[in-house]
Structures are given as structure tokens and as C-alpha cells.
Amino acid sequence: MINWRTALLPPALAIIFAMLLSSVALLISGANPLEAFATMGAQLFHGNTAVSTVNLAIVYYLAGLAAAIGFQMNVFNIGVEGQYRFAAVVAAIVGAWMELPPVLHVIAILVVAMFSGALYALLPALLKVYRGVSEVITTIMLNSIVFGIVAFLINPEQFGVLHGNNLSTAEIAPSGRIPGIPLGEAGTLFGFIVIAGALGYGYWFMLTRTRFGFELKASGESKTAAAAGGVSARKMTLAAMLLSGAVAGLVAMPELLGRDYVYAMTATQGYGFTGLAVALLGRNHPAGIAFGALLWAFLDRSAVSLESIGIPSEIATIMQGTIVLSVVVAYEIVRRADLAAEQRRVGRAGRNGQPAGVAEGGAV
Amino acid sequence: MERPDPTATTARRRLPGWARGALWAVVAIGVLSTASYLTDMPILTSSDTSQTALRLGLPILLAALGGLWAERAGVMNIGLEGMMILGTWGSAWGAYYGGVWVGLAAGILFGLLGGLLHAVAVVTFNVNHIVSGVAINLLGLGVAKYLATLVFEPISGNPRESPSVEKFDTYSATFLSDWLGALEDEQRVVLSDVAGLLRGLVTHVSPLAMIALLLVPASYFILWRTRFGLRLRSCGESPVAAESLGVNVYLHKYIAVAASGGFAGMGGASLVLLQGGADYLENQVNGRGYIGLAAMIFGNYRPSGLLGGAALFGYADGLQLSGGGAAVLALCYGAVLLLAIIVVLQLIRRHWWAAAGGVAGAVVLYWIYWTSDELPSDLIPYTPHFVTIIVLAVAAQRLRVPKAIGKQYRRGEDS
């Protein structure tokens, strides 16, 4: 059973708190907070902002799912960032090189992307399982190294092509692209939204309806208890890390196959870190992650429209950081309040409103 | 500096810490000078390299110290990166208006504020340590950018950069430096190498570097030789037991995490206030907080160990900056020599699998050295990161992690 109060109250509190805090920051810099928030709200009805927000949210959703799979097993896959960039550049190169009939081409690219994402997660997974190296440190190092790898692979001496001033991979043929969903004036929605939705459902199904999902969660809750039940924590850690890497491999695909068709040096970074925050906001629940992704994409887009009325766009970043922190704090506060309320309720029940005596196990 | 795998010295476990440190230093210098002699790359042990290494190692050393304080009190601190970013902004701001020392103080203060925020979230509200750290990294970046736009843009005309600020003066031990310089130029085996490395450490040294280096033994003394330190560490091992003995766990954790932020802020300041460093520049921290954390873990949560870790990263970074691809290749050669020593030690102790692994690693590294004239230039700047992963893979098994690290603790609740 879902307790709606404990699930929805904290995010609402957090958003209100973040708005208050950013109002203070806005006032300090001499801007009118009401005007700023009105601009942020109104942007959704201008041109293609709404659709581009959803498009960005699709990307964040995939990154959030990737992070959430790790969280379920208590593995902190901060390496989503490196994994998705590695997968994107490899998939772009392989995809441009392959010649296949339409649907097959797309599937092949997606498989390559998932495989390379998992491959980039393999080293930290192996080091964690067999050498006890913290995955946080190794994946952070690999996140930096990926910059070098991307630059190396996009170099014209290897696989790069120079378009004007911009280096990128060769273009993927039309057979390897995913058609968008045209919405007329409002813009074009990524066709990848269907795949993202299916992945979200698959994630939910895996966790709640399969034995593997149960073992994964059990092992994440308590390694020793799971081991007593015959679940190998090592195997689960490896599986979680590789699955997380495979999903991370898909993060750049909506943009690569739906809009850009090449992977450039200047491609946007930081989706992986966003994914962590989004997964936290959504409490690892597929619907929650979708909500978090939409909120985050909305704030990102707001930065642009805030800039246009002369407000520093960093306000959006500050709001994002505040929301993450206050969401987790708010969950904790609501949890404590619920716990205290329940204790009072139990204490009152059955004794005509009298608290239980010490002899019956009540509080001293 | 290059250091052997700690397993190499387990046969001498009884040796006191200072003797093991000295032994490692001797092995490292021996390997480096042999490698520089055989590959004809004097830059491996030149004074330029060690001077750059000192400058680049400082922020990492300070971040690692910050990590040490927090983690010894049982609090994971991924937020070091964000606190360092706050420190860079604070120190540039302070230094612009009040000179270097004010800048240093402001940097520490800003880092400390970041640390306090982490403490509030983690200690008071029991937020997951990594979650709070990630949020602080986001906030640190956002706040620093925001403040830079607000304060620096009107002065420097660029929201990504501060106006140029005063830097620390540097001091040299002139007589010693000249004498070592003469010795270095003679190019005698070993002697000149040692002279080169030492000369870099006594020439153009800033007060900040001296303070940072003194903070290592100071941290050791406070954490391991005082009552306060014992209590702080007990919070990281078993907070319930500590509380039962009357230690105020919350207070000690607060102090530890705030101090941790202060160290990180100082690390940020060292990026801004040293000669040869940039002024405040967006993204100048560039993962150094994380590398500091890695250095601390590599150093097995000990002050002496993290000094070695920071030296290793600083050295790898300084070498690739001043020597480029050829120098990194020579470093590969040095690593082969080191692995050979380790393999022999493992064979003596009959650890066949470890020895086989060492041989495999050595063969791969030697193959890289032998077949390539030049490493891909895009990958060379990431030498320290590669070194981190390799070193952790070799060294990480003997870690002694504080027992209650990352655990949530509430007074009166059983953990």
C-alpha cells in the first residue's frame, strides 16, 4: 500500500523551500522573484519549449533509471556520466560505419550502445567485487578519462570528421535514425519516448515481479541476510553494475538517433550526474523518476528564459541543488513525524487513551 | 612519487611507520633514478618536475586531509569537490579586497560553510552521506557561479573569471638550492636525481605549501595523540559505544565535518593563491576533490599514507605537464622496474597468484613502452587518473576502513 502523504508531501515541501531560498538569492541580486517565477511558468506556452522540455526529460529519465538500478543494490554508480559518453561515441562510430536495413540498423546501434555502456562499467564492477576498490572512486576516475577517450576517437586521425570548426563522428545513415513524433507548431517529440516508457515498465516489472529483482533488492538491503537465503552478493553487485551501465549506454541515444545523427566534441555533458539527482528525487520509483526528470528539465530550460530577462541563470542550478537536499531532508522529517504519530497511536490504543505502563513495555 | 605496493613490506610489518616510509622513499627514488638513467629522460627526476608536483599536489593533499577528518568521524564526504569550489571563489574574493592572507581565510571560511551544511544534512537529518555530498557539489558549483556573476563580472567583465589577485610570495633556501642545483647539473647517477627532486622542494616554496605540509603531522597529532582525537575517531568506529561513554557524538561529527570543509576550502584557495596558478576560473577544480578522496583511501585513512597518495598524483600530473608523452612512457618503464621488485618479493613469500599478476602487468606495460614512440596526446593529461586506478587495484585489499563509515546514527537508537 502506498501512503500518499509520505510519498507526495516531502517533494512538495522541498519545492516550496527551494522557491523560498531562491527568492532570497533573487532579491539579493536585485531581481523580482515573482517576475522570475512567472517567466519560468510562462515559458511553457512559448514556441517549442514544452516539447523540448519533454525531450530533455526523456534523456534525464534514462539516466535516472540507470542510477536507480545501482541504488537498488546499494551500488553508487556515479559513473553513469562516463558510461553514457563512452557508449555514445562508440555507437555513433559503429552506427555510421554499419549498413543495415532500417529497423535492424537502429536495433544494432542500440545493442552496441548498451554493450559499450556495460563494458565501461565492467572495470569498476570487477575491481569492487574482487579487489574491494570503492566503485565511487574508480567510476569518478573513468568519468574524467572518458574526456580523453572521446577526444582521441573523434580525432581526424582515428574516426573523426571535421565539419567547419567542429569535430564529430561521421553521420549515421537515415536507416539508423529513429523518426520523431511531429506535433506541428510545438516541435517534434523524440520517438525514443516509446522505448523510454517501455524501459521504465521493464524496470518496474523486473524489480517487483521477478525473482532477480527480489534478490537484487534483498541483497541491497542486507548482504548477510541475502547470503543466508542463497543470494551471492558478488553476483548481484556485478549484475547491478552491468545493467546500470547498459541502461546508461542508452542515455545519449534519443539525441543521437533522433536529432544530431553525429556525436560531436561539443555534445552536452553532465547527464549522468543529473541522472543521480533525478533518481533520488523519484525515490527510485519509475513514475517518480519521470516526475523528477520533468522537473529537472523544466528548471534547465528556465535558465535560458531567465537569462533573457536579465536574471543570472545560475539561479536554476542553485534551485536544483536545494531541491535535492531539501527533498531528502523532508522525507526524513516526515518519516520521523509519522513514526512519532504511530507510537502515540499505538500507545493510546486499547488502554482507553492511557499510555502503556513500564511493565507492559511502555516508555519509562 | 612512485611508491611500491604496500603488500611488498608486509614481511617487515614490525618496522615502525617512519622506517617503512623511509624504505618506500628509498625504493621510489631508486626506481626513478634507474628509469631516468636507462631511458635517458632526466626530466623524471628534475627539479622542475618536483616543483610542479608540489604545486599540483597541494590541493589534492588538502582535500585528502579534509577527507581524512570527515571519514575518521564516520562521515563520507563526496562533497569535497563542491567545498573546494566554494573555497576558490572565497579566496579570490578575499584576496582581491584584502590580500593573500585574507583570501586564504575567506577560502577556508567558505569551505567551512559547505562543511557545516553537509554536517546539518548528514548528522542532524540523517541524509544519506553520498546524496548530501552530490547535492553539495551541485550547490557549490551553482553558488560559486552565481556569486562570480554577481561580484566578479562588473570588475573583470567576465562571469567565468575573477580579476587577477595577489599571490603568495615564494621563498627559497638559496644556499641549499644553489648547491643542489650544481649537484643536479653534474648528472651523476642517483646523487643528481636525489638533488633534483630535493631542489624542487626547497626552491620557490610558498608559505601555504609549508602550512599544508605541517598540517599533515598536526592532523596526526590531533587525531591520534589527543583525547579529542580519540573521541572523534571513536565516533567513526562505533558511535553507540562512544555515546555510552559520554562522548557527544553529534558535536564531534559536526566539528570533524566542518574542519573537513575548511581543509577543502583551503585546497581551493591553493588553486587560486599560488604562483603559477590561475585566479578564480570556472571549472578550475576539475575533479581534484574526488582525486583527494582517492588519495586518502589509497593512503589507508592515515595522514602519512595520504601524503604519499597526494605526492603520487602530484608527481604524475607534474610529469605529464612538464614532460609530455615521452616522460609518461619513461614512467611506464619505471613501473615495470617496480613490478619486477614486487614480483620477486611475492615469489619469496610464495604468493604465486600475486606474482603471476605482477608479471602480466609488467609484460603489458613493457609492451606499451617498447611498441609506442608516443602516447596519444589526447590521453596524456589523464595520467594521474590512470595511475589512481592502477594503484588502487593493486593496493586496495588491505584497507582498514573506519567501521561505522556512512552509517546513519541517531542518539538513543540502536544502529
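In the text below, chain A, chain B and the rest are named by the order of the sequence lines, each starting its count at 1.
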>> Which label fits W89(B) and F110(B): parallel for a plane angle under 30°, tilted from 30 to 60°, or perpendicular past 60°?
In response: tilted
>> Counting heavy-atom pairs closer than 4.5 Å to chain A, which one of L139(B), V401(B), L293(B) comes out on top?
In response: L139(B)
>> Do Y254(B) and T124(B) pair up side chain to side chain, a donor and an acceptor below 3.5 Å, judged on atom types alone?
In response: yes
> Considering only heavy atoms from C-beta outward, does the side chain of V324(A) approach that of W296(A) to under 4.5 Å?
Replying inline: yes
> Any idea which heavy atoms bring L238(A) and A125(A) closest together, and the distance?
Replying inline: CD2-CB, 3.6 Å
>> Check for me whether the distance between the ring centres of W93(B) and Y280(B) falls short of 6.0 Å.
In response: no
>> Less than 4.5 Å to any heavy atom of chain B: does that hold for the side chain of L127(A), its backbone, both, or neither?
In response: side chain
>> Taking side chain as everything from C-beta outward and backbone as N, CA, C, O, which of these in A25(A) sits under 4.5 Å from a heavy atom of chain B? Side chain, backbone, both or neither.
In response: both
> Side chain, backbone, both or neither: which part of I323(A) has an atom under 4.5 Å from a heavy atom of chain B?
Replying inline: neither
>> Between I140(A) and chain B, with a heavy-atom cut-off of 4.5 Å, which part of the residue counts as in contact: side chain, backbone, both or neither?
In response: side chain
> Do the side-chain N and O atoms of N143(A) and Y290(B) include a donor-acceptor pair separated by under 3.5 angstrom?
Replying inline: no
>> For the residue pair Q408(B) / N128(B), report whether a side-chain donor-acceptor contact shorter than 3.5 Å exists.
In response: no
>> Does any backbone or side-chain atom of I380(B) lie under 4.5 Å from a heavy atom of chain A? Answer side chain, backbone, both or neither.
In response: neither
>> Please classify the contact between F152(A) and chain B as side chain, backbone, both or neither, with a heavy-atom cut-off of under 4.5 Å.
In response: both
> In terms of heavy-atom proximity below 4.5 Å to chain B, should I145(A) be classed as side chain, backbone, both, or neither?
Replying inline: both
> At a heavy-atom separation under 4.5 Å, does V150(A) approach chain B through its side chain, its backbone, both, or neither?
Replying inline: neither
> Can you say whether L126(A) sits under 4.5 Å from chain B via the side chain, the backbone, both, or neither, judging by heavy atoms?
Replying inline: neither
>> Just so I know, are the side chains of S23(A) and F37(A) near enough to count as touching, which here means a heavy-atom distance under 4.5 Å?
In response: yes
> V136(A), T317(A), L325(A), I333(A): which one forms the most heavy-atom pairs within less than 4.5 Å of chain B?
Replying inline: L325(A)
>> Taking N137(B)'s backbone N and O only, do any of them form a donor-acceptor pair with E81(B)'s side chain (distance below 3.5 Å, no angle check)?
In response: no
> Measuring heavy-atom distances to chain A, does L141(B) have an atom under 4.5 Å in its side chain, in its backbone, in both, or in neither?
Replying inline: neither
> What part of F147(A) is in contact with chain B, defined as an atom under 4.5 angstrom from a non-hydrogen atom: side chain, backbone, both or neither?
Replying inline: both
>> So for V143(B), is it side chain, backbone, both, or neither that comes closer than 4.5 Å to the heavy atoms of chain A?
In response: both
> Checking heavy atoms, do the side chain of T322(A), its backbone, both or neither come under 4.5 Å from chain B?
Replying inline: both
> Any side-chain donor-acceptor pair under 3.5 Å between E221(A) and N74(A)?
Replying inline: no
> What part of S132(B) is in contact with chain A, defined as an atom under 4.5 angstrom from a non-hydrogen atom: side chain, backbone, both or neither?
Replying inline: both
